[in-house]
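Lettering follows sequence order; numbering is per chain, from 1.
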Amino acid sequence: MCLGIPGQIVEITDIKQKLAIVNVGGVKRQVNIACIVDEQHPPEACIGGWVLVHVGFAMNRINEQEAAETLKLLAEIAAIQ
Amino acid sequence: MKYVDEFREPEKAEALRREIAKLSNQLAKPLKIMEVCGGHTHSIFKYGIEELLPDTVELIHGPGCPVCVMPKGRLDDAIAISQNSNVIFATFGDAMRVPGSKTSLLQARAQGADIRMVYSPLDSLQIAKDNPDKEVVFFALGFETTAPSTALTILQAAAEKIPNFSMFSNHVLVIPALKALLDNPDLQLDGFVGPGHVSMVIGTDPYQFISQQYHKPIVVSGFEPLDIFQSIWMLLKQLVENRCTVENQYNRLVKPQGNAVALQAINKVFAVRDSFDWRGLGEIPDSGLKIRPEYAQFDAEIKFTIPNQKVADHKACQCGEILKGVLKPWQCKVFGTACTPETPIGSCMVSSEGACAAYYKYGRLSTMAKKMAAQKPKVNLSQEPLPSCSFLG
Ligand code: SF4
């Protein structure tokens, strides 16, 4: 139920209804982006960004830098023997 | 796939497994860790994570499966609504097989009700626009992860003035359920793997009471195998260092304060019910969401007469014990025999996030035998009827 899949916003289709096309694992889907647009993040600025898609809605942006830091920490743990 | 494959690398999983083993040696005592969310339960079984953990670390599967906790009476109400001749009833696929007191939605559909599976609540709004002479009702269920999507759909229906659309709200809230579990003296837990996608909406701040009042550590976690391993490692680290705080493993998605737009949408459309009945857990105060009076025209509970009856669970069913983490699925007498995903008796066997369904689909005989042996030290295993391989999938 709480399942979510990462996808990348490729196109804004309807600014008023806040609809965008998101590429989810190679499949393009129309997704509502109301939850991820605000003053600092207007729809145009969302293109190329990664989001978590749940039941037809982009629920949150995925933070690339934080993901890289988590992976870096994991690599450090893997480096200790 | 980006943000998926990197979090499945076997070498890193092995490294975390090794570090977890070291920490559990240091602790030198049995630990019970609850993963609250059914999505985690599913991942844990799918990737065989429990088997890679030290024997002293036991994972307890929590109540975070919205389909599993839906009481029979509410399902009967949904079926009653769907049986109105002018109604199209739209639902997520997960809810189709959940047994009500007489039938499931799947059976009701076979008997003639117009029940449609949709991927998104927005799809049900579209069905309403396409069928102006019908009443379209969406079965709104799920935790805080899903509530923003249904709230935004109602706001859109209001903006577009769609008269023939409503929702039957069965949204539930995680925090009150966690409080109820923490107050249960039968269950002694050492820490929690926190629900990642609920937290992307509510943030990590609402969990502070778990560390401050109940002195348990909680780590909010992503859903890939490395996420879960790392979260367990972080929990054990807290225990070794004698700390209990709220930590966030999933910070690529989850912020301490959550998602403001999503929270606003929920608060605009929904109000907290005084109490809501959970299958297996009973009435929990302040644990459900109902549609606010301002949006009454979209509230199926007001538009339709519903039976609104409480129905007791099947006598053989031990879903309550499963959802509280007190029993393991294989300890239920009908597990895998009378109760299977094809013919579920209890709801935990229906959704792929339910603990019983996860054990049925991915459970490994070796783990179960090991766990049974650990729990019943005086019984000779060869004389104990073990679950047969045929139903372990
Ligand atoms: S095996 Fe079936 S009846 Fe038993 S607890 Fe699980 S879902 Fe309920």
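Note that CZ of A/R61 and CE of B/M200 are 12.5 Å apart. Values are rounded to the nearest 0.5 Å. Considering CZ of B/R252 and OG1 of A/T70, their distance stands at 6.5 Å, rounded to 0.5 Å. Rounding to the nearest 0.5 angstrom, the gap separating the CG atom in A/L52 from the CG atom in B/N259 is 11.5 Å. How far CG of A/L74 is from CZ of B/F7: 7.0 Å, rounded to the nearest 0.5 Å. Annotation: the span from B/R18 atom CZ to A/I77 atom CD1 amounts to 9.5 Å, rounded to 0.5 Å. Note that OH of B/Y3 is 16.0 Å distant from CD1 of A/I5, once rounded to the nearest 0.5 Å.
Contact of A/A75 with chain B is made through backbone and side chain together, with heavy-atom distances under 4.5 Å. For A/V53, the part sitting under 4.5 Å from any heavy atom of chain B is the side chain, from C-beta outward, and nothing else.
Per-residue counts of heavy-atom pairs under 4.5 Å with chain A were compared for B/T150, B/V261, B/T145; the largest is that of B/T145. Between chain B and the residues A/N63, A/V55, A/V24, the largest count of heavy-atom pairs under 4.5 Å involves A/V55. Per-residue counts of heavy-atom pairs under 4.5 Å with chain A were compared for B/F229, B/Y119, B/W233; the largest is that of B/Y119.
Remark: A/E64 engages B/K2 in a salt bridge, criterion side-chain N to carboxylate O under 4.0 Å.
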